[in-house]
Amino acid sequence: MGVAALLELDDLARPLLADACRSWSGWARKIRPLRVVASVEELRAWLRESGPAEADEVLWLLARLGSPSGGNSVSASAVLAWCLLPGACTLARQLQTLSPSIDELVAGRLWIEVRSFRWCQLRRVAANVLATTRSAVLREC
């Protein structure tokens, strides 16, 4: 089925991402660094073009906003997971021989890692989330 489809992040019209798209301007008004893009739709392209420090700042803000110990916004967590989907899909392809349910394992673990990211202690959001996702999936397999 695919990691994105399993998380229902395969289309910006899906409920969590649609909610995030509606919420983006309000988040950006309150959190200045999110103003680097006008909408969620522009975020992945901006992340590819931005420098590592600028990209990490935005991802860290989304992690904080989505964390139960931060803003507890599930739609912000969805945006973060959506931003990390290219890496998660690559991870699923790399590990596909380990389990016929690898997409499900990666999708589930990615969501757990996004929602539980220790934003008070860590930076390098993409690297940390994807590395811990990989480690957890390998343990499960």
Side-chain angles (χ1 to χ4, degrees), residues 1-99 101-141:
M1 183 176 209
V3 176
L6 287 162
L7 291 170
E8 296 188 4
L9 301 177
D10 54 341
D11 186 335
L12 290 172
R14 294 282 212 145
L16 283 175
L17 289 176
D19 183 54
C21 289
R22 288 187 299 273
S23 300
W24 187 264
S25 62
W27 295 340
R29 271 193 305 276
K30 293 177 187 171
I31 306 168
R32 187 175 204 64
L34 296 182
R35 295 178 194 167
V36 295
V37 294
S39 66
V40 171
E41 296 92 338
E42 299 172 11
L43 190 54
R44 274 188 181 162
W46 180 84
L47 289 167
R48 282 191 301 273
E49 301 297 320
S50 67
E54 294 82 17
D56 190 56
E57 176 71 11
V58 168
L59 294 176
W60 182 85
L61 289 165
L62 287 169
R64 186 184 76 188
L65 187 59
S67 171
S69 64
N72 200 24
S73 169
V74 176
S75 56
S77 292
V79 174
L80 178 57
W82 179 74
C83 289
L84 300 180
L85 276 175
C89 292
T90 298
L91 175 60
R93 277 193 305 279
Q94 291 170 343
L95 303 178
Q96 67 186 350
T97 60
L98 299 179
S99 170
S101 302
I102 199 65
D103 287 346
E104 289 86 349
L105 292 170
V106 170
R109 203 64 218 188
L110 176 66
W111 186 253
I112 290 168
E113 297 304 328
V114 162
R115 287 290 286 164
S116 63
F117 184 76
R118 296 183 327 259
W119 61 272
C120 291
Q121 301 167 327
L122 297 174
R123 289 295 203 163
R124 299 189 61 228
V125 177
N128 278 302
V129 167
L130 292 172
T132 54
T133 298
R134 179 182 178 84
S135 294
V137 169
L138 287 172
R139 275 193 310 275
E140 288 182 49
C141 289

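Keep in mind the model is a prediction, meaning the values are calculated, not measured. Numbering of residues begins at 1 and proceeds along the displayed sequence.
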Short side-chain to backbone donor-acceptor contact, R115 and S67, under 3.5 Å
no

Backbone N or O of V125 within a donor-acceptor pair of the W60 side chain at under 3.5 Å?
no

Test item: [X] and [Y] side chains (from C-beta on) under 4.5 Å apart, heavy atoms:
X    : Y    : answer
F117 : L59  : no
R118 : N128 : no
V79  : C83  : yes
L17  : D11  : no
L12  : E41  : yes

Looking at R124, I want to see if its CZ is surrounded by more than 12 non-hydrogen atoms of other residues, nucleotides or ligands under 6.0 Å.
no

Value rounded to 0.5 Å, distance of CG in L6 from OG in S101:
10.0 Å

Can you tell me how far apart CD1 (I31) and CG (L65) are? Round to the nearest 0.5 Å.
5.0 Å

Which atoms form the tightest heavy-atom contact between [X] and [Y], and what is the distance?
X   : Y    : result
L84 : A126 : CD2-CB, 3.6 Å
A63 : W119 : O-CD1, 4.4 Å
A81 : L9   : CB-CD1, 3.6 Å
E42 : A38  : OE1-N, 3.0 Å
W82 : R44  : O-NH2, 2.7 Å
S50 : A55  : OG-CB, 3.3 Å

Do any side-chain atoms of residues 134-141 form donor-acceptor pairs under 3.5 angstrom with protein atoms, and if so which ones, sequence neighbours left out?
residue: R134; atom: NH1; partner: Q94; partner atom: OE1; Å: 3.4
residue: S135; atom: OG; partner: A131; partner atom: O; Å: 3.1

With V37, which of L43, V58, L47 fulfils side chain to side chain contact (heavy atoms under 4.5 Å, CB included)?
L43

Within the 3.5 Å criterion, strictly below it, is a donor on T90 or R93 matched to an acceptor on the partner's side chain?
yes

Could you give the side-chain donor-acceptor pairs of residues 102-112 under 3.5 Å, partners two or more places apart or in another chain?
residue: D103; atom: OD2; partner: G2; partner atom: N; Å: 3.3
residue: R109; atom: NE; partner: E113; partner atom: OE2; Å: 3.1
residue: R109; atom: NH2; partner: E113; partner atom: OE2; Å: 3.0

